[in-house]
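In what follows, chains carry the letters A, B, and so on, assigned in the order in which the sequence lines appear, proteins first and then strands, with residues in each chain numbered from 1.
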Number of protein chains: 2
Amino acid sequence: MTADSSSAGDPRRSLELLWGLVPARRRGPRPRLSVEEIAVAAIELADAEGLSALSMRRVADRLKVATMSLYTYVPSKAELIDVMLDRVYGETPKTYAEGAGWRARLEQVARDNWDLYHRHPWMLQVVMHRPVLGPNMIAKFDFELRAVEGEGLADLEMDQVISLISNYVHGAVRSAVEAMQAESRTGLSDAQWWEISGPLLEKVFDPAQFPIAARVGAAAGEAYEAVGDPERAFAFGLERVLDGIEAFIEKRSA
Amino acid sequence: MTADSSSAGDPRRSLELLWGLVPARRRGPRPRLSVEEIAVAAIELADAEGLSALSMRRVADRLKVATMSLYTYVPSKAELIDVMLDRVYGETPKTYAEGAGWRARLEQVARDNWDLYHRHPWMLQVVMHRPVLGPNMIAKFDFELRAVEGEGLADLEMDQVISLISNYVHGAVRSAVEAMQAESRTGLSDAQWWEISGPLLEKVFDPAQFPIAARVGAAAGEAYEAVGDPERAFAFGLERVLDGIEAFIEKRSA
DNA sequence: AGGTAACGCCGCACGTCGTACGATAACGGC
DNA sequence: GCCGTTATCGTACGACGTGCGGCGTTACCT
């Protein structure tokens with residue numbers, strides 16, 4: 001129910017795992033698994049049941065191996081999550097449409113990330129400061145920066161623009177994914193939830209006291225019944241963000 | 001280490017707690033605690049040690065009470081988190097500076113939320129779809145909407161603008177807070193972390209392959225050594241977002 | 001004043017988790 | 001064939017949320 005998650009692995013061990021620096025065993029029984037296989041199983045589990053269901057025991061079960069065997073390949077769960085992260089970073093496209101301008105490129109970056117988070121919602125719960133310096137993460141960072149390369153921005157500004165996009169997408173995808181998962185997480189559909197909350201709220205909530213919230217809340221509630229609407233809200237915000245960046249780039253090159 | 005968190009309480013029970021609908025006991029021993037006291041203790045604990053340290057046992061210890069006593073006041077941990085959330089929502093200011101325009105008001109909303117998240121970083125880990133419909137949350141929503149009331153936007157657009165701001169702030173504060181907490185979480189300062197990662201990365205990472213990431217990464221790394229820089233990055237993004245909203249409002253009223 | 005129903009408090013127990021430890025067995029190189 | 005290395009995994013510990021049931025306190029009713 002509660003918690004941190006990390007990418008808090010020992011950076012030395014994580015990097016060794018990520019870049020394949022482990023020196024290949026010579027003696028002893030043949031390994032039945034690989035870090036790769038374990039990461040794949042863990043990702044499947046997390047995709048299907050969420051990060052809270054990701055336990056070493058469950059991963060081991062999936063691989064038909066005893067729990068403690070995993071620790072031969074991976075120093076702890078934290079490093080396993082690092083490996084999972086870098087692996088899914090490898091899924092995003094790494095080419096832009098021919099002849100696209102910076103705006104189209106940035107929009108692609110945003111949408112690729114939107115898609116990635118939707119495929120792997122558990123990423124939202126993993127704390128990511130001190131990025132996992134794996135090959136895929138670096139490639140992704142480089143690719144995203146290329147969206148705004150050569151537009152007259154300073155290095156730091158390029159980083160800030162990409163951060164802005166990432167931050168927005170992260171926030172937007174978070175609410176969208178939570179909306180999608182709300183039913184399965186709570187066992188209550190939106191309708192059922194409102195059936196319970198609505199009448200109770202009516203008893204205690206005075207619309208006259210908060211008229212704007214009442215009005216807008218009703219409008220938003222109605223609109224979001226329509227399927228796919230989080231996506232429209234995402235697109236709306238993205239347009240604003242891109243407009244803001246456009247104004248900045250124009251000012252910068254003037 | 002891993003997990004979901006929720007605001008996944010039974011909505012009926014949460015609402016009763018939030019609005020004080022519990023019908024006041026008559027018989028039996030005098031209660032030694034109150035939901036309020038429990039929430040305060042839980043918030044203190046979560047502020048100090050993070051959401052992963054928030055356990056019923058630890059909260060009970062803090063109140064010098066047996067663990068199971070808490071369940072007299074609160075049906076489960078999920079509802080407790082709902083109460084904690086609504087309580088901290090009450091902390092944000094609820095008045096705008098006299099005569100401020102929508103842009104100044106929106107900026108205040110963003111900064112108030114930035115501050116709130118910094119005071120209570122555990123909020124970042126709580127899943128918030130299906131908002132906790134408590135009095136403070138509703139008041140906050142109403143207040144934030146007032147920032148863009150009367151600017152010619154449709155109800156739905158007002159909601160989208162506030163969502164955009166919230167999403168951006170959420171994302172930005174997340175990276176800033178994680179940066180601040182990285183040292184205490186991992187026991188490694190940024191310098192120590194880099195001392196370990198740097199040399200290892202140099203062995204495997206080819207700057208020629210990802211020249212932009214190398215260049216910008218170096219520039220950003222240097223800049224972020226300066227304390228308080230996440231705040232500047234936040235301000236940068238916020239300006240862009242507000243510019244984007246400005247363009248929208250102008251187009252809308254034209 | 002005494003009885004009783006309602007209620008707060010809490011010890012115990014179950015099944016979950018990550019993972020430390022040490023025994024055992026499989027294998028490569030000599 | 002032997003030995004050192006390494007993979008596998010059973011057991012155990014201390015954390016977690018919380019269901020259950022007993023105990024003791026209190027307020028109302030008679």
Side-chain angles (χ1 to χ4, degrees), chain A residues 1-10 13 22-38 42 45-46 49-82 84 122 125-126 185, chain B residues 1-10 13 22-38 42 45-46 49-82 84 122 125-126 185:
Chain A
M1 267 259 339
T2 80
D4 290 339
S5 262
S6 50
S7 108
D10 176 349
R13 302 300 312 266
V22 238
R25 317 308 195 173
R26 319 202 146 272
R27 297 226 242 276
R30 208 166 286 112
R32 289 167 53 187
L33 299 174
S34 66
V35 176
E36 199 77 355
E37 269 179 284
I38 294 174
L45 178 57
E49 303 189 41
L51 198 60
S52 60
L54 180 73
S55 75
M56 300 302 271
R57 278 171 239 258
R58 298 280 312 270
V59 174
D61 282 357
R62 200 168 260 256
L63 293 165
K64 306 209 180 303
V65 148
T67 309
M68 292 310 294
S69 299
L70 300 183
Y71 287 87
T72 312
Y73 301 90
V74 146
S76 84
K77 192 181 174 184
E79 285 83 2
L80 173 56
I81 293 179
D82 283 351
M84 291 168 64
W122 49 268
Q125 265 138 273
V126 177
R185 263 192 327 120
Chain B
M1 268 265 334
T2 79
D4 289 342
S5 264
S6 53
S7 108
D10 176 348
R13 301 301 312 267
V22 235
R25 316 309 195 174
R26 317 201 149 273
R27 297 225 243 275
R30 209 166 281 113
R32 289 167 53 186
L33 299 174
S34 66
V35 176
E36 200 77 355
E37 271 179 281
I38 294 174
L45 179 58
E49 303 188 41
L51 199 61
S52 60
L54 181 73
S55 74
M56 299 304 269
R57 279 171 237 258
R58 298 279 314 266
V59 173
D61 283 356
R62 200 166 258 258
L63 294 166
K64 307 210 178 300
V65 149
T67 309
M68 291 309 292
S69 298
L70 300 183
Y71 288 87
T72 313
Y73 301 90
V74 147
S76 86
K77 192 181 174 183
E79 284 84 2
L80 173 56
I81 292 178
D82 283 351
M84 293 168 63
W122 50 268
Q125 265 138 273
V126 177
R185 265 195 323 120

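In this entry the distance linking OH of A:Y73 with P of C:dT19 reads 18 Å, nearest Å. When rounded to the nearest whole Å, the span between NZ of B:K77 and C1' of D:dA15 equals 12 Å. Atom CD of B:E79 and atom P of D:dG17 are 14 Å apart (whole Å). Here D:dC9 presents its C1' atom at 13 Å from CG of A:D61, a figure rounded to the nearest Å. The distance from atom CZ of B:R58 to atom C1' of D:dA15 is 11 Å, rounded to the nearest whole Å. Between the CD1 atom of B:I81 and the P atom of D:dG17 there is a distance of 9 Å, rounded to whole Å. B:D10 places its CG atom 16 Å from the C1' atom of D:dT18, with the value rounded to the nearest Å. One can place CG of A:L80 at 14 Å from C1' of C:dT19, the figure rounded to the nearest angstrom.
Taking CD1 of A:I81 as the start and CH2 of A:W122 as the end, the distance is 8.0 Å to the nearest 0.5 Å.
For B:M84 against B:A46, the heavy-atom pair with the smallest separation is CE-CB, 4.0 Å. Nearest approach of B:L45 to B:A53, heavy atoms of both residues: CD2-O, 3.6 Å.
Between A:Y73 and A:L33, the closest side-chain pair of non-hydrogen atoms falls below 4.5 Å.
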Measure all distances between protein nitrogen or oxygen atoms and nitrogen or oxygen atoms of nucleotides 1-4 of chain D, and list the pairs falling under 3.5 Å.
none

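Of the residues in residues 63-72 of chain A, those placing a heavy atom less than 4.0 Å from an atom of DNA chain D are A:V65, A:A66, A:M68, A:S69, A:T72, in numerical order.
Using a 4.0 Å cut-off, some side-chain N or O of A:R32 falls inside it from OP1 or OP2 of D:dC9.
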Output a table of donor-acceptor pairs, distance under 3.5 Å, between side-chain atoms of residues 56-64 of chain A and any protein atom two or more places apart or on a different chain; print 'none' if there are none.
{"from": "A:R58", "atom 1": "NH1", "to": "A:E49", "atom 2": "OE1", "distance (Å)": "3.4"}
{"from": "A:R58", "atom 1": "NH2", "to": "A:E49", "atom 2": "OE1", "distance (Å)": "3.3"}
{"from": "A:R58", "atom 1": "NH2", "to": "A:E49", "atom 2": "OE2", "distance (Å)": "2.7"}
{"from": "A:R62", "atom 1": "NH1", "to": "A:E44", "atom 2": "OE1", "distance (Å)": "3.1"}

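Judged by atom type and distance alone, A:R57 reaches the base of C:dG18 through a side-chain donor-acceptor pair under 3.5 Å.
Evaluated for a side chain to side chain contact (heavy atoms under 4.5 Å, CB included) with A:L80, the options A:V35, A:I38, A:L70 yield exactly one hit, A:I38.
Of the possible donor and acceptor atoms, one in the side chain of B:E79 sits under 3.5 Å from a partner among the backbone N and O of B:S76.
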